[in-house]
Amino acid sequence: MTAWHPFAGSIQLAGYDRDDDDSRIKKEDAARQTATAQEILRRLADQPGIVLADEVGMGKTFVALAVATSVALSDKRRRPVVVMVPPSLKKKWPRDFDFFSKKCLKQGADSNVRAASAETAVEFLRLLDDPIERRNSIIFLTHGAMHRGLTDGWVKLAMIQRALYRRHHTQSLRRSLSRCLGKLLQMGWVEQRSEGILDRL
């Protein structure tokens, strides 16, 4: 079975070092973390998700970052990888990624993977809308961002459009949306039961 995305050869977890010989990661730990990331990528080829659980300090964050980075580097369409983080860790994960990028990515590869954070739906949609030449490879999205401060009707409409993007057999769903779009978006001027209003907007 082939991997969903291959483990990036530019990732070297053994290089993980906090500029302190006492905290340098052991080779066997690096090998275990690398094998775990490779196995996750292999399993994601035929299942929608996986739970990574281990004791504190066993390198779960770096395994997850290795998986996310591998996907980002191998995706030919350069779609961003979205990492959902709880509010209590919204600053920690970007810091950990900066450290991972400096210590675990070979020179050159670190410039090919950029990350950004989004705490609201608007910030997230802006990052998704960036042109490919300056698009971030990884987006750290804070849990709850998709409903936090989501009052703008146009942003709601953009989210509906994104959810339906490239989906097949959505004609009846689009007709239903057209009938209730005004209420759904809290935009009273949208004429209800107007066929095609969704596509026109």
Side-chain angles (χ1 to χ4, degrees), residues 3-5 8 40-41 43-52 64-94 96-97 101 112-201:
W4 172 53
H5 284 275
I40 288 171
L41 288 163
R43 290 189 187 191
L44 288 174
D46 61 0
Q47 66 186 64
I50 191 167
V51 175
L52 173 62
L65 289 173
V67 170
T69 301
S70 293
V71 173
L73 287 171
S74 65
D75 186 57
K76 290 179 173 48
R77 289 164 58 190
R78 295 181 65 182
R79 294 167 295 183
V81 176
V82 179
V83 178
M84 298 287 293
V85 296
S88 60
L89 298 176
K90 66 183 180 182
K91 292 183 179 176
K92 181 184 181 298
W93 273 78
D96 286 347
F97 174 77
S101 182
N112 293 330
V113 184
R114 295 189 311 272
S117 298
E119 293 185 48
T120 67
V122 174
E123 291 172 358
F124 181 55
L125 290 169
R126 281 182 185 145
L127 290 170
L128 290 179
D129 203 36
D130 279 345
I132 197 164
E133 63 272 8
R134 58 185 175 87
R135 184 176 299 159
N136 287 280
S137 317
I138 297 174
I139 299 173
F140 295 105
L141 181 64
T142 306
H143 281 287
M146 300 313 286
H147 63 77
R148 189 176 295 113
L150 188 56
T151 56
D152 187 280
W154 295 110
V155 174
K156 291 178 185 177
L157 181 63
M159 290 179 66
I160 292 170
Q161 188 274 337
R162 194 73 191 180
L164 296 177
Y165 183 64
R166 291 192 175 179
R167 284 186 57 190
H168 302 290
H169 313 296
T170 59
Q171 292 84 355
S172 63
L173 176 59
R174 287 173 179 273
R175 282 194 297 273
S176 297
L177 281 170
S178 291
R179 289 194 294 270
C180 64
L181 199 59
K183 285 184 179 178
L184 188 66
L185 302 180
Q186 295 178 346
M187 297 165 76
W189 56 268
V190 175
E191 190 176 347
Q192 289 192 27
R193 300 188 183 281
S194 176
E195 292 294 330
I197 187 73
L198 182 63
D199 290 328
R200 290 205 302 278
L201 286 173

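None of the values given here were measured: they were computed from a predicted structure. The figures that follow rest on heavy atoms only: side chains count, while hydrogens, waters and symmetry mates do not. Count residues from 1 along the sequence.
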Fill in: Check: F97 main-chain N/O paired with S101 side-chain donor or acceptor under 3.5 Å
no
Worksheet item: Would you say the side-chain atoms of T170 pair up with the backbone N or O of L173, donor to acceptor, closer than 3.5 Å?
Response: no
Worksheet item: Which distance, rounded to the nearest 0.5 Å, do you find between the OG1 of T69 and the CD1 of I138?
Response: 4.0 Å
Item to complete: Mind listing the closest non-hydrogen atom pair of A115 and F140 along with its distance?
Response: CB-CE1, 3.7 Å
Item to complete: Any pair with a residue in residues 67-78 that passes salt bridge (Lys or Arg N to Asp or Glu O under 4.0 Å), sequence neighbours left out, goes on the list, sorted by first then second residue, please.
Response: D75-R79
Practice prompt. Indicate yes or no: at least one non-hydrogen side-chain atom of V71 is less than 4.5 angstrom from one of L41.
Written response: yes
Fill in: N136 vs P80 side-chain heavy atoms within contact, under 4.5 Å
no
Item to complete: Quick one: closest heavy-atom pair of N112 and S137, and the distance?
Response: O-OG, 3.4 Å
Fill in: Nearest-0.5 Å distance that lies between atom NE2 in H143 and atom NZ in K90
12.5 Å
Worksheet item: side chain to side chain contact (heavy atoms under 4.5 Å, CB included) with L127: which of L141, I139, V122, V82?
Response: I139
Worksheet item: What are the two closest heavy atoms between R43 and Q47, and how far apart are they?
Response: O-CG, 3.0 Å
Response to the item:
Separation between OG1 (T142) and NZ (K91), nearest 0.5 Å, reads 10.5 Å
Worksheet entry | Smallest separation among heavy atoms of V83 and A68, with atom names | CG2-CB, 4.4 Å
Worksheet item: Which heavy-atom pair separates E123 from S117 by the least distance, and what is that distance?
Response: OE1-O, 4.4 Å
